[in-house]
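The structure appears below as structure tokens.
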Amino acid sequence: MWIIFVCIFIWLSRNDEDGILRTLKDTHQSNLDDIERQELEKHS
């Protein structure tokens, strides 16, 4: 039941610029940037 509630909440707030989906995307992009930076440092 909670999983359904969370999914509906995310779906309804998908167009909210400051919503949880935006926060998750920003966090994911930040993680990708960190991985890329670490790869560059490892090869230097």
Counterpart residues, side chain to side chain donor-acceptor pair (under 3.5 Å), relative to D33 (two or more places apart): Q29
Parallel, tilted or perpendicular: ring planes of F5 versus F9, cut at 30 and 60 degrees: parallel
Spatial distance of atom CG (L40) from atom CD (E36) [nearest 0.5 Å]: 5.5 Å
L32 CG to T27 OG1 distance, which is reported to the nearest 0.5 Å: 11.0 Å
